[in-house]
Every structure is written in structure tokens, then in C-alpha cells.
Amino acid sequence: MTKNLKNNTDSELIRMLRNDKKLSGDAFKELYSRYSPNIHAYCYKIFNDEQTAEDIFQETFMRFYQNVKVQEGNVNVHGYLITIARNLSLNQKKKSERIVYTDKLDLHEGEYNRQDRQELLDLIAMALELLEFEFQDAFILREYNGLSYEEIAEITGTTLNNAKSRVFRARNKIKQILKPYLKDLEKHFK
Amino acid sequence: MKHENLINEYFDGNLDSTNQELLFNELASSEELRYDFNQLFAMKMAIGKDTAAFVPAISSTEALFANLGIAGTTSSNSLAGFWTLYKAPILTGLMATMATALVMLWLLPIGSGSNNSEKSRIPVVSSYSYDTADLTLELPEEKNNESNGALIQNRELNKTKELNKIVSVNARLNSQLNNLQNQIASLNSITNMLREENKALELSTNQQTNSELNINKKTMGDNPNTVFQSNFVEQPNSFSSNNANFIINNFNTYNPETSIKLEAALGRYFQNIGSDFVERNNTFSDNLRVSGLYNLSREYSIGLDLRQENFYQEFTDISNSGQKLIYQQQPTVYSASMIFRYAPEYLEFLQVRPNIDLSVGATNIGELARIGVGLDYYLFGNTYFYFKSDYTFLSYYHKNINFSSNKYGTHLGIGVEF
């Protein structure tokens, strides 16, 4: 039976994961339930390809589990997981060729509704794929993972100003890429 | 600071008041800047509701746990996950359904209503018999003219379940009719006495209810500070998609290509009832309707419609002694039908989507076909009220002879999309 560890801190869970054979699995499950949404969003948005995203996502937690068990000391779980996911994504990106299909997008006329929101999300995903990894990365960490600029700077190994600049530039680049498509949705913003 | 950066800082919540004022002034005068602002706002809002990104596939989770040798997610976990994700629409739907049911109970004269004196009358089966030689005579005259040999038999049944039975009238019992009529006359006098007592009782009950309502009104009046407000206010400056919980709690699962609709409604039927037949009072359950639909596309859906309803039936038979019998009854039936719905997108206006339903199905007394038109009003993201009118045609058989019945209905209900 799964033990409820919702009230335990990350540090306590890490301790259980390392030292408590009985509760190790439950501790990992709890950490997974806390951070899997954010890590999944990161992988999902970096790749915009379900299969690759799921592979990287699984691999991230595998590595986290294996590494954290043999390491000592405190761990910033979220930061650690994002770093693993980021490194794996970067390697994967280097291996694979990027092809972005823009002709899949089909804009509907008509009233603004949920379908339009989904179209806008598809457009953003397409635009993200066209960005360089450093901008893509910074944008997702900020917009999807909700990290502060300080945290982004730490994870990406850059300065605070640089992190901020990357996010701003990513937003502006996405806007530029989407401009011709967003014209069609323009009336809904008013 | 560049205007673009002002907007970025504003959405990050980092813009000080001086720069905010500068930004607002610029926004007021520059259309291009307003466009940029709106674009970024739309992006932020869309990302904030991009829930799909935050939900790992169950297969991924299971594969990961299996690889690590950890016991996988249990069904209770999946159930808990389902509940976490869907509790908002489910609870909203349930609450709205209850509210609708209460409104319908209040609006419709179900059970007791203006026709209180009829409350205890359950008109059910009447049958008339007359000689086949006199078929040209009008029925009411036949009924009232005993000299023509017309025989009248009216029965009132106490149990609703008996409504489904077709009562056969044996013409050979006609000779006993005089005795029965005497007994009926004495029963009628007792019934009239009971009705008078019922009226007096209902009057006192109504008076009591009215006094209770006055008490409730007074209580409400003591709470003048009741404030109604929408449960979600979008505030661009404080908007944040900074954590997954925020997004998952605002989960909106609507996907027009794959979503399922569940609907429940109460209704009222109007039937072409014979003038000498007393229409039965509808009970709460006589007007109940539940449906489930699967969206094939943005405009088309198919589904199943289940109802408890009643139909007026009038059909004829020839007795062994050669008399023509006319049966009238209004049984409660259960119906199940396949619905095909078309909701043209180009007719959508102000969150209202008109639609048309075609359905075919069966009841426990015969086959039916319906056509209905309605309006769905999307109140929240995935919850809608609907008003529908429909026409139903019922075909049934008595001794291999086909008869039909038809009726109009109106329904007010609630629907939830998953």
C-alpha cells in the first residue's frame, strides 16, 4: 500500500529514497507526482513530438533516480530534474535534424473559442521549434515551468541579464514568426 | 526602456508605477503597441491553459516505474488523478443539474399544481364498446346514449405500473353492468367526499407552505451583503502560469474532435388527448431524460438518449361478440433511442449553439422517431444549459394492427462536456 508522503519536504523524501528501503519507492512516487508535470511540459514543448518527449521525460526520471541514490547532500529537486531534462534534450537536438512543418496549420474562421486557443498553442509550438535552443529553453523554463530569471540563469549557466534577455527575445521572436498567422486571429485579441 | 521591454516587464509583474503609466500612455496612443500587447496577452493566456503539456502519458509513468522496479500506479491513483483533473467540471455539472431540476419543479405543474383537485385522479383506461352496425355514430354520443346499447366502462387504477397493461373488455360481462353501475354510483359518492377532504387538506398545506416562504424571504432579507461574482477574474498584471498546480486546477478538457457530452433534462409533453379522456398528471420521473453523445466533429455528434415518458394511445379492437372496442390509455414507458445531432457552427452566437436532433429508437410498447431543435448555452467552459423542443412519433401494434401516437415536448436541461 502506498504511504501518503504529501506532507514531507523534498529533503525528507530524498533521504527516504536513499536510506529507507521500504519507503524508497513511495518517496520517488511522491517526488514524481510533484515534478512530473513541469518536467513533462518542458520535454513536450522542447520537442513538440510526443514520442521523443516521452522518451526524454522517462530518461530524465530514470537518471534522477539512479544519480540521487548514490549522491550525498542536499538536492534542489526541481532544478536537478530540469538540468537533466535540459542536457538530454540538448543532446537529442544535436543528434536530430530539425524539420518544421508549417503547412499542417489550418486556421479556422469564426468566433473565438477553444479551438482557436488550441490553434494558437499549435502556432506557438511551431514557432518554438524555429528558435535556437537557448531561446527555446529560456522561454519554456519561464513560461511553462514558471522559473524565476535567477533560476533560469543558474540552470542555463548564464547571467541574470542574459537569462532575461533570452526570454524577452524569445517572446519577440515568437511574435514575429507568428505575425502572419496571428493576423487571422487578430480580431479575437480586441 | 524599449516599448517591447515595457510590455515584457509588465507581464512579468516587474514594472514599476512610473513605467506602468508610461506604458499605458503609449498603449493609448499607439495601435501597433496595442497589437503587440494583445498578442503577448493572448500567448500568455493560451500557454496558461495548455494543460496537455503537463500531463504525462499513463504508459510513460508505468514504463518508468517498471524500469525502476517500483510498484506502478494503482487504479486508485489513476482514479484519484482522474478526480483531480475532472472534479471541477463534474461538480459544476452536478450542481447545475440540481439547480435546473429545482427550477423545473418550480416552473412545471408536476404533481400538485393549479389542478390540485385532480391530484387524486389517475385516469387511465377507458374503453367503449358499441355494435359494429353503428360505426358511423360519433363516439361521445355513443358514450352517453345508453338507449343505443352503448356501454360505458371507466376504470381508475391506483397503481401506475398497471398503466402498461391493455385492459380487455369482455362483452359477455355486459349483463352484469347494471349491478356494477349501482356499485360505482355508491363508490362515486364516497370518492366525492374524499375529494372534498383532500381539497381542504391541500388548502391548509398551501397556507402552511406560504407562511414558510415568507419566513425564508425574511431570512434572505437579513443578509443584504450577499455578493455574486464570477469565480475567475483575469488580471493580466498578476497573471502567472508559474506552477503546474495552477494550470491543472483550471483544467479544461474540451476537445471538439473527441469530447463526450452528458446531458440531463426535465421536460413537459403536450399530447393530442381524446376529449373524453382525462390526461394524467405527470410525475417528476415521467419527465426525465438523460443522454450521452460523442462528438464526431465540431458539428456532428451521435449518442444514446434514455427517457421515462408517457404516451397517449388510442386503438380499436373487435370483441368476440362483434362489438367494436376503443381503448384509451396513457402508459408510462421507457425509451431508448439513437440520436444524431447537427450543430451548425455558422449559427453560433453569444455562446449559444443551435442544433437539431434526429433520433430513432424503441420503447417497451413500440418504435419511435423524434425530431428536435434546441439551443445550447455555454455557461462555463464545458457546461451548458439547453432548451429543446421535439416532436415524437410512436408506432405500436395491437393484434397485428398498426396504430400511432404523437406528441410535442419541451425540455430544459444541463450538459457537461468531457
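Order of the sequence lines fixes the chain letters, A, B, ..., with proteins taken first and strands second; residue numbering starts at 1 for each chain.
By the salt bridge (charged side-chain N to carboxylate O under 4.0 Å, His left out) test, Lys388(B) is found to be paired with Asp357(B), residues two or more places apart in sequence or in another chain being considered. Remark: Glu32(B) pairs with no residue by the side chain to side chain donor-acceptor pair (under 3.5 Å) rule, at least two apart or across chains.
The distance from the CD1 atom of Ile174(A) to the CG atom of Leu40(B) is 9.5 Å, given to the nearest 0.5 Å. Separation of atoms CG (Asn67(B)) and CD (Gln58(A)) is listed at 6.5 Å; rounding is to 0.5 Å. For the atom pair CZ (Phe11(B)) and CD (Glu143(A)), the distance works out to 10.0 Å, reported to the nearest 0.5 Å. Taking OG of Ser60(B) as the start and CD of Gln51(A) as the end, the distance is 8.0 Å to the nearest 0.5 Å.
Using a 4.5 Å heavy-atom threshold, the side chains of Phe54(B) and Ile39(A) count as separate. Side-chain contact check for Ile47(B) versus Phe139(A): some heavy-atom pair is nearer than 4.5 Å. Residues Lys175(A) and Met43(B) have side chains in contact (heavy-atom distance under 4.5 Å, counting atoms from C-beta outward). The shortest side-chain heavy-atom distance between Asn8(B) and Lys164(A) does not fall under the 4.5 Å cut-off.
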Carefully, step by step, assess Leu64(B) and Phe28(A) under the rule side chain to side chain contact (heavy atoms under 4.5 Å, CB included). CA-CA 11 Å; Leu64(B) 172 67; Phe28(A) 178 76; 4.2 Å; yes
Starting from the C-alpha separation in whole Å, work towards a yes-or-no answer on side chain to side chain contact (heavy atoms under 4.5 Å, CB included) for Lys44(B) and Arg171(A). CA-CA 10 Å; Lys44(B) 281 266 191 187; Arg171(A) 283 178 187 160; 3.5 Å; yes
Could you please spell out the steps behind the side chain to side chain contact (heavy atoms under 4.5 Å, CB included) verdict for His40(A) and Val55(B)? CA-CA 7 Å; His40(A) 189 266; Val55(B) 185; 5.8 Å; no
Please step through side chain to side chain contact (heavy atoms under 4.5 Å, CB included) for the pair Tyr32(A) and Leu68(B), ending with a clear verdict. CA-CA 13 Å; Tyr32(A) 178 83; Leu68(B) 294 174; over 6 Å; no
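Residue contact with chain B, scored on non-hydrogen atoms closer than 4.5 Å, involves the side chain of Phe57(A) exclusively.
Remark: Glu26(B) CD is packed, more than 12 non-hydrogen atoms of other residues, nucleotides or ligands lying under 6.0 Å away. The number of heavy-atom neighbours closer than 6.0 Å to CD of Gln66(A), taken from other residues, nucleotides and ligands shown, is above 12. At most 12 heavy atoms of other shown residues, nucleotides or ligands fall within 6.0 angstrom of atom CD in Glu50(A). Within a 6.0 Å radius of CZ in Arg34(B), more than 12 heavy atoms belonging to other residues, nucleotides or ligands are found. More than 12 heavy atoms of other residues, nucleotides or ligands shown are found within 6.0 angstrom of CG on Asp16(B).
Of all the listed residues (Tyr44(A), Tyr65(A), Phe61(A), Tyr35(A)), the one sharing the greatest number of non-hydrogen pairs under 4.5 Å with chain B is Tyr65(A).
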